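Worksheet: one structure, shown below.
Bear in mind that the values here come from a model prediction, so they are computed numbers and not experimental data. Residue numbers start at 1 and run along the sequence shown.
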Amino acid sequence: MSTTVRDARGIRFHLSLNVSDLARSVEFYRAVFGAEPAKCRADYAKFEADDPPLVLSLEPTPRGAGGALNHLGFRLPDAAALVALQERLERAGLRSQREEGVECCYARQTKFWLHDPDGTLWEFYTLDEDIDHRGAGQVPDAVTAAPAAGKREVWEHVMGTPLPQGQAEASVDEVRLRGSLNVPLDREAQDGLVRAAWHALRPGGRVFVHTLVAERPLSGPPQLPGPAAAVQYVPPDTLPSSLLAAAGFQRLKYLKFDEKPCFVREGVALREQQLEAHKP
C-alpha cells in the first residue's frame, strides 16, 4: 500500500552512505539525531532530520566495494522546483539525465542526475509517494560512470545573435541552439543551421534545442510580453525534431514539452520545447 507524500518544508540536503553493517549504522544515527529512522528495511534505512534539514540514506555495501559515499543530492519540494533547477543547470552547461516515476529506495520519485568535475554523483529529486518494495531504479547505468576527464567543448547559438560561421568540422562535444529557430528563417536556412551543428559535432556528440513552438502555424509574429517579446517567429511543434532527423541525428529525446501552454495567440497554444539528439 502506498501513501502520497506532500513535503511543504522546502529543499532538503540528501546524503547517501555505503555502510558495512546496516543495524550498527542505524543505531549510531539514531543516537546522533535522537530520533527513529523514517524508513528501516532489511536492505535500506533513511533518517529525516529537521535541524539541519537532511535526508540521510544508508545503503548496505560489502567492504571493499567502494568508499563510504554513495551519492549526494537535494530533495526538492515539488515538480516545478525540480524542472526550474534542471533548466538552470542546463543553461549553465551542466548536462543531466531526467527520470520520471522511478521506483527507488521504497519510494516513487522523479529525479535527474549529474556528476561534478571529480566524478561525485549528485541526485536532485522529488518524493512522489512511498511504496512497499524497494524498486529497481537506485542508480541508472547511464549515470554511474563519471564523465571522462577533460573539458567538454561546447558551441552555442542564442536567439538574437549572428548565426555562427566557419565552425571546424568535428571540433565540439555539444551544440546548444537556444531560441535559434524563433527567428524568421526560410527552410533552407533552418536546414543549414542544423547541418552546421552536425558538421561541428564529434561522433557521439549531443545537440540541445530550446524553442518556443506552436501547435499549428500562426499568421504572423506572436507579439509576446516581457522578455518573450524577442521571439519573432514560432515554428510548429514538429519542426525541430524533423530538422534533426533530416540532418541524420539519432536518439532524439524530449526533455520538456509541457501540456500547459506558455501563451495562447490566435487561439493557438504556444509551448516551450526542449529536446536533445546525438550524432552517431
Quick check against the 3.5 Å criterion: does R206 have a side-chain atom that pairs as donor or acceptor with the backbone of H278?
no
Do F13 and L85 belong to the same hydrophobic cluster, where Ile, Leu, Val, Met, Phe, Trp and Tyr are linked whenever their side-chain heavy atoms lie under 4.5 Å apart, directly or via other members?
yes
Using a 3.5 Å distance criterion without hydrogens, assess whether the side chain of N182 forms a donor-acceptor pair with backbone atoms of L212.
yes
Hey, does the side chain of D50 reach the backbone of P53 with a donor-acceptor pair shorter than 3.5 angstrom?
no
How would you list all residue pairs meeting ring-ring contact (aromatic ring centres under 6.0 Å, His included) that involve residues 176-209, not counting sequence neighbours?
W198-F249
Is a side-chain donor-acceptor pair under 3.5 Å present for E266 with S219?
yes
Under 4.0 Å between a Lys/Arg side-chain N and an Asp/Glu carboxylate O for R271 and D237?
no
With E36, which residues qualify under salt bridge (charged side-chain N to carboxylate O under 4.0 Å, His left out), at least two apart?
R30
Would you say the ring centers of H14 and F124 fall short of 6.0 Å from each other?
no
Hey, are the side chains of E48 and R75 touching, using non-hydrogen atoms and a 4.5 Å cut-off?
yes
What I want to check is whether the side chains of H210 and E87 have a donor and an acceptor closer together than 3.5 Å.
no
Closest non-hydrogen atoms of T126 and L76, given as atom of the first, atom of the second and distance, are CG2-O, 3.7 Å
Output for pair (R195 CZ, Q190 CD), nearest 0.5 Å, gives 11.0 Å
Within the side chain of H157, is there an N or O that forms a donor-acceptor pair under 3.5 Å with the backbone of L177?
no
